[in-house]
Amino acid sequence: MRALDALEAQRGHLFGWVPVMLAAGIGGYFALPQEPSALLWVALGAGALLAGLAVRLSGERRAPLFLALALICAGILLAGARVHLVAEPVLTYRFYGAVQGRVVGIDRSASDAPRLTLDRVWMERHAPDRTPARIRVSLHGAQGFIVPEPGMLVALTAHLSPPPAPSEPGGFNFQRRAWFERLGAVGYTRTPVLAMAAAEAGRGGLLIHRARMAISAAIRARMPGDEGAFAAAILTGDRSAMSAPTLQALRDANLAHLLAISGLHMGLLTGFVFAALRYGLSLIPPLALRLPVKKLAALMAIVAAGVYLALSGGNIATQRAFIMVLVMLLAVLFDRRALTLRAVAMAALIVLVLQPESLTEPGFQMSFAATTALVAVFGAARDWPETRPRPPGWARPVLAVFISSAVAGAATAPIGAAHFNQIAQYGLLANVLTVPLMGALVIPAAVLAAVLAPFGLAFVGLEIMRLGIIWILGMAEFVAGLDGATWPVVTPMAPVLPLMAAAMLWLILWQGRARLAGLLPVVAALFLWDQTERPALLISESGALLGVMGEAGRALNKPTGEGFVARSWLENDGDAALQDAAFARSGFSGEKGMIHAEISGRSFVQLSGRGWADRLEPACARRGWVILARKLDAAPPKGCVFLDQRALARTGAIAVFEGKDGPILIGAKHRAGRRPWTR
């Protein structure tokens, strides 16, 4: 009964737990090792209905418990429904041939190559019912014969393959992301992309794209260099002109979020528009006395947010930010307090219902972690008793800037470290020195430029904007250049982030002294993170790349090739070394063409190069595992286990751990389980 008494004491503060319980069900679905059976789906549906009915019949004291159960079941059902609603064919083998499609997305790959996303796909020798709904192709070789635009129908000869499995067991799951983006194949072309029909024939956001590109070009013409590229990125989402060194400096200084059009930009823009209109209209007595200027300002801020959403390209992060801003401005329209935990919970609920898969994305996690923490801290400051000491008025803006940067940084640091494997040591310093300028100068100047543009005076706002951007980029270079600017971090084991998130939500949402119990799971999560064990040996799915853990870090068997996989392994180790430096480390024994490593007393031998077949028997004599970056057609000698490309295609990349009774092998595809996106 004590539990029920404690729960009843939370009355009036329970709405914040609604998206948390829904998220628990969604997270539980994605953590399942295999897709639920039809019988289990029926049981979950019945459970949700019965729990919902119990909410009405159980009385006020027990109703929250049954509601929580109903929400968890609903989260599992919602995620499962979303998975099957977006289902599209996925390529099952490597393909080379002619491809046609309509351009619906234009961006750049990790190697900075232009990249097209196509729908309405046609592939030669491919049945229509097995053709992916969308494919993504990087453009290499001689290009430039066309200027791709959304809606343009194009033809090309492409190398395509299914979305790749994780580079190691438990690693980043691109297959799952591709499933929700309806990407059934990814690849590249080295032949020219040709236009089959003009963009107008396919439409597909052409008008907005042309407006975005025109604005971006106009900004960069007036403001050359990285300053113009930065301005174009934060206003239109076009990062194509950003130089690689500047991008790296922003990342190392923990300022890369300034480029991503997300909650910060949307909040600053709508906040400035709302404040400017509200106070501007209040200065006109006939309007201020007759019209609800606060609501008019909120309405115009919603319009500004919608225009910004369209011009920015409308990516997922910007959509989330728009929903958050929309909920808060609607609260103003209905005479409710905008910045409350209830408003944040409502925004999270809407996002989870529309896109349950976003729960697994770092953008969702960091956005809502920062917003929840900021609203909680400033809500507590707002309710600070008048009888207690307060800082002087002149110090409050400075203190607010410092506190907001510190709180947002602390809330997002574990998430960023877990996903991106580094902590910016001086990130707080960089954000304190730059974020206030974004809100006080850069964004207002951008709005001013937009207002003056019809009169040919946009340069006034752009020049003011340029001064702020020069400072921001200068601070990024300064902070990134400090000794120890970044601290590599090992990828934590799976339970760490959920445990830490649950603990922080308990600390923020639960009322009373019992909230301090949330500190214990935080300590437990940090302990588990510290105890994370990395594989003694990693084998890529191709069998060509191996990495063995040594005293100096992971040693790789190749200085180049499979760079993405090598970089992922080293980053997950919390290792800042480059591939060629990892290749120079000691770890493998043997000679070229037949290298080996010992794990828990058993041998792992990789054969490569000419004459590999002649080395089969000596390799098998070690009575371990033999790794081949090719398919073995002949019957192998007895005495060893062969990991050729056929075997690795079934297992995916393999992680080998030390074990008491011998090495423990785990395949990436086995760890990912049998889910719709892995089949």
Side-chain angles (χ1 to χ4, degrees), residues 110 164-174 418-422 488-493 532-609 612 619 622 624-630 641-645 647-659 662-672:
S167 59
E168 64 171 275
F172 169 63
N173 197 334
F174 178 72
H419 287 288
F420 307 118
N421 300 106
Q422 72 173 29
V489 178
V490 65
T491 298
M493 60 180 74
T532 298
E533 180 188 5
R534 292 293 296 152
L537 177 68
L538 284 165
I539 305 168
S540 71
E541 186 172 347
S542 70
L545 183 68
L546 275 65
V548 64
M549 185 65 77
E551 292 183 2
R554 192 170 302 280
L556 300 178
N557 68 318
K558 295 170 60 176
T560 58
E562 298 197 52
F564 175 80
V565 175
R567 186 168 64 251
S568 297
W569 289 355
L570 293 170
E571 288 177 352
N572 291 338
D573 290 337
D575 190 340
L578 298 177
Q579 184 174 353
D580 56 352
F583 169 71
R585 294 169 175 166
S586 60
F588 291 100
S589 304
E591 57 187 15
K592 185 177 179 181
M594 185 176 170
I595 60 172
H596 60 88
E598 298 288 330
I599 309 294
S600 294
R602 299 295 297 276
S603 177
F604 289 81
V605 183
Q606 187 204 41
L607 301 181
S608 61
W612 64 269
R622 294 178 174 273
W625 283 263
V626 177
I627 304 157
L628 287 172
R630 63 181 68 242
V641 180
F642 273 84
L643 295 175
D644 68 342
Q645 288 188 338
L648 290 168
R650 293 191 297 269
T651 64
I654 290 178
V656 184
F657 292 88
E658 300 272 3
I664 301 169
L665 279 69
I666 301 174
K669 293 184 178 180
H670 295 161
R671 172 68 65 85

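Because only heavy atoms are used, hydrogens play no part in the values below, and waters and symmetry mates are left out as well, while side chains stay in. Sequence positions, counted from 1, serve as the residue numbers for this chain.
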Worksheet item: So do Thr532 and Thr491 actually touch side chain to side chain, heavy atoms under 4.5 Å?
Response: no
Worksheet entry | Pairs satisfying salt bridge (Lys or Arg N to Asp or Glu O under 4.0 Å), at least one member in residues 584-604, at least two apart | Asp575-Arg585
Discussion item. Under the rule for salt bridge (Lys or Arg N to Asp or Glu O under 4.0 Å), what residues qualify as partners of Arg567, not counting sequence neighbours?
Written reply: none
Worksheet item: Considering all heavy atoms of both residues, which atom of Gly574 and which atom of Pro488 are nearest to each other, and what is their separation?
Response: O-CB, 3.1 Å
Practice prompt. Would you mind reporting whether Trp612 and Arg630 have side-chain heavy atoms less than 4.5 Å apart?
Written response: yes
Practice prompt. Might you point out which heavy atoms bring Gly563 and Gln579 nearest each other, and give the distance in Å?
Written response: CA-OE1, 3.6 Å
Practice prompt. Evaluate side-chain contact (heavy atoms from CB on, under 4.5 Å) for Arg534 paired with Glu168, printing each intermediate quantity in order.
Written response: CA-CA 11 Å; Arg534 292 293 296 152; Glu168 64 171 275; 2.9 Å; yes
Worksheet item: Any side-chain heavy-atom pair from Glu658 and Ile599 closer than 4.5 angstrom?
Response: yes
Item to complete: State, yes or no, whether a side-chain contact exists between Leu643 and Leu628 at a heavy-atom distance under 4.5 Å.
Response: no
Worksheet item: What do the steps show when you test Val489 against Gln422 for side-chain contact (heavy atoms from CB on, under 4.5 Å), and what is the final call?
Response: CA-CA 5 Å; Val489 178; Gln422 72 173 29; 5.6 Å; no
Worksheet item: So, do Thr560 and Asp580 sit near enough that their side-chain heavy atoms are less than 4.5 Å apart?
Response: no
Worksheet, complete the sentence: Smallest heavy-atom separation, Ser167 atom then Ala653 atom, equals O-CB, 3.2 Å
Practice prompt. I would like to know whether Phe604 and Leu546 meet side-chain contact (heavy atoms from CB on, under 4.5 Å); could you show each step before the answer?
Written response: CA-CA 10 Å; Phe604 289 81; Leu546 275 65; 5.7 Å; no
Worksheet entry | Leu538 side chain near Val565 side chain, heavy-atom distance below 4.5 Å | no
Discussion item. Taking salt bridge (Lys or Arg N to Asp or Glu O under 4.0 Å) as the cut-off, I'd like each qualifying pair that reaches into residues 549-566, sequence neighbours left out, listed once.
Written reply: Arg554-Asp573
Discussion item. Before you tell me yes or no, could you show the steps for Trp625 and Leu665 under side-chain contact (heavy atoms from CB on, under 4.5 Å), namely the whole-Å CA-CA distance, both residues' side-chain angles and the distance that decides it to 0.1 Å?
Written reply: CA-CA 11 Å; Trp625 283 263; Leu665 279 69; 3.7 Å; yes
